[in-house]
Amino acid sequence: MTDTQPATADVVVIGGGLMGRASAWRLAAAGLDVVVVGGETAAAASTVAAGMLAPVTETTFTEEVLLGLNLASMQRYPSFAAEVEQASGLPSGLRAGPTLSIAYDADDAARLATLAAYLGRLGLESSRLTSREARTIEPLLAPTVRAGLLVPGDASCDNRQLLAALTAAGERVGVRAAAGFVHHVASAADRVTGVVLADGTSVSAPTVVLANGAWAGQVTGIPPVPVRPVKGQILRLDPGRFPQPGVVVRAFTRGTEIYLVPRDGGREVVVGATVEELGFDRRVTAGGVYELLRDARLAIPMSTEYVLAEASVGYRPGTPDNAPILGRGVLEGLVLATGHHRNGVLLTPITADVVAELVLHDRVLDVAAPFGPERFDRKRIDRERIDRGRVDPVAAGHREEDRRC
Ligand SMILES: Cc1cc2nc3c(=O)[nH]c(=O)nc-3n(C[C@H](O)[C@H](O)[C@H](O)COP(=O)(O)OP(=O)(O)OC[C@H]3O[C@@H](n4cnc5c(N)ncnc54)[C@H](O)[C@@H]3O)c2cc1C
């Protein structure tokens, strides 16, 4: 850290991705002195992501509680994007829906029908389409496509534009940056006192927001945060003079899943993404790129004409239940905003609101209540089961004294 870098603040935010920047902007706009220790922007999942805003098409069996949070964030998006644009003078990247899911073969069509039935049971809006109807909406689809499902509410947001706009909006309300990485959170008498950076310098603050995505488990000085990196390889194609899809296309192709996300102005189509449990493996592999291009071609044959402009790797911040960790840490003054896994672009508006409500009013928004870090506290869960008589305390490894802690 140089002499010009900050040494004290009201709030230190760890991480310069969408969660960190959106939270910092909200807190500084409310009058707090905020420092962001940003890490490396190029490595952030927020830079790499595709930017689908897909609470409906991303819905997965068993994740119905998460669906509520996803829908709440989607509802906030239009006003959030307008506010960011006004505050920064830059485009937010928001692009209206619909999203078109398609099935390539008969097995894929059966899977799409199951998804459609599930969405219907949840009361989520979607309409099943024949192949012809799907191709009327998106003429670039392969004629062999079997069936479609139109989801009017799912949209997209150019995450790189959003990150740039949030950074600029933050700077305009006084957010300061400290270059580098946080090594540990400093504390005394069970409350945070600031952070110490990898270069040994420190920033003192009574509040620390942990928002460093897949790296959240690496910061020491706090109890371990159960976040792991879920690697994703992703491509950016430049359509050049060729037409690009008019809508976000998600495709089941011979049992695998792929998406093509067009940007405004025909400048880019994002094709993603692999899902790999390989830790922080930075390699773009021949197999990863091959599979993405192969499946993109099955859905949209025209995609083989596009220029391969970028192949990159990002790390989704995964948690044991695939839902984010939003809430107070065990140390007073510590706020957690991480673990957004495959929905972090979508969850940016609600995360900023949850963090602001916690820091400014010490209140957990109702919609965020199920996502506190305490849900991973093994001892607490065991204690609750013991109290309900469901588990033998000795088998659960607890002594009487533990129960009084
Ligand atoms: C391939 C891929 C595709 C995706 N597609 C979508 C999508 O279509 N829609 C969607 O909603 N979501 C998508 N996601 C998920 C989304 O990108 C993430 O959930 C979201 O970006 C996480 O944001 P974040 O701010 O928590 O973390 P990040 O964006 O990863 O930012 C964390 C930052 O913290 C920094 N950092 C790390 N350690 C430290 C430290 N010790 N001190 C200071 N800084 C530190 C890092 O350098 C990084 O800049 C995708 C993710 C991937 C990988």
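Because the structure is a prediction, the values reported are computed rather than measured. Order of appearance sets the numbers: ligands from 1, and atoms from 1 within every ligand.
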Between Arg176 and Asp33, does at least one N-O distance fall below 4.0 Å, as a salt bridge requires? yes

Counting heavy atoms only, which part of Ala54 comes closer than 4.0 Å to ligand 1: side chain, backbone, both or neither? neither

Could you list which atoms of ligand 1 come closer than 4.0 Å to a heavy atom of Leu18? 25 (O)

N/O of Ser46 under 3.5 Å from N/O of ligand 1, yes or no? yes

Looking at ligand 1, would Gly16 count as a contact under a 4.0 Å heavy-atom criterion? yes

Heavy-atom side-chain contact between Phe242 and Leu140 under 4.5 Å: no

Numbered atoms of ligand 1 (with element) below 4.0 Å of Tyr259, judged on heavy atoms: 3 (C), 5 (N)

Given the rule in the side chain to side chain donor-acceptor pair (under 3.5 Å) test, do Glu291 and Gln233 qualify, once you have shown the distances and angles that lead to the verdict? CA-CA 10 Å; Glu291 284 169 21; Gln233 299 186 52; over 6 Å; no

May I ask you to identify, for Tyr315, whether its side chain, its backbone, both or neither come under 4.0 Å of ligand 1 on a heavy-atom basis? backbone

Determine, using heavy atoms of Gly38 and all atoms of ligand 1, whether some pair is separated by less than 4.0 Å. yes

The option among His341, Glu58, Arg316 carrying the non-hydrogen atom nearest to atom 19 (O) of ligand 1 is His341

For atom 25 (O) of ligand 1, closest protein heavy-atom neighbour: Met19 N, 3.1 Å

Among all protein heavy atoms in this structure, tell me which lies nearest to atom 47 (O) of ligand 1, with the distance rounded to 0.1 Å. Glu40 N, 2.8 Å

among protein heavy atoms, the one nearest atom 12 (N) of ligand 1 is Arg342 O, 3.0 Å

For atom 36 (N) of ligand 1, which of the options Val185, Asn212, Val227, Val195 provides the nearest non-hydrogen atom? Asn212

Verify the distance criterion only: is there a donor paired with an acceptor across the side chains of Thr256 and Thr253 at less than 3.5 Å? yes

Identity and distance of the protein heavy atom lying nearest atom 20 (C) of ligand 1: Gly344 CA, 3.8 Å

Side chains of Asn70 and Glu58: any donor to acceptor distance under 3.5 Å? no

For atom 40 (C) of ligand 1, the protein heavy atom that lies nearest, with its residue and separation: Val182 N, 3.5 Å

Got a second to check how far His341's NE2 is from Leu66's CG, nearest 0.5 Å? 10.5 Å

Heavy-atom nearest option to atom 2 (C) of ligand 1, drawn from Gly20, Gly314, Ala49: Ala49

Mind checking whether Val313 and Arg282 have side chains closer than 4.5 Å, heavy atoms only? no

May I ask you to identify, for Trp215, whether its side chain, its backbone, both or neither come under 4.0 Å of ligand 1 on a heavy-atom basis? side chain

Heavy-atom proximity to atom 7 (C) of ligand 1, best of His340, Met52, Lys231, Gln233: Met52

Parallel, tilted or perpendicular: which describes the rings of Phe280 and Trp215, with under 30° parallel and over 60° perpendicular? parallel

Note the single closest protein heavy atom to atom 27 (O) of ligand 1, along with its residue, its atom name and the distance in Å. Gly213 CA, 3.5 Å

Measuring only between side-chain heavy atoms, which start at C-beta, is Val151 closer than 4.5 Å to Ser126? yes

Quick one: does Ile14 get a heavy atom under 4.0 Å from ligand 1? yes

Mind checking whether Gly272 has a heavy atom under 4.0 Å from ligand 1? no

For atom 30 (O) of ligand 1, what's the nearest protein heavy atom and its distance? Ala45 N, 2.9 Å

Under a 4.0 angstrom heavy-atom cut-off, which atoms of ligand 1 come close to Gly51? 7 (C), 8 (O)

Looking only at protein heavy atoms, which one is nearest to atom 43 (C) of ligand 1, and what is the separation? Val37 O, 3.3 Å

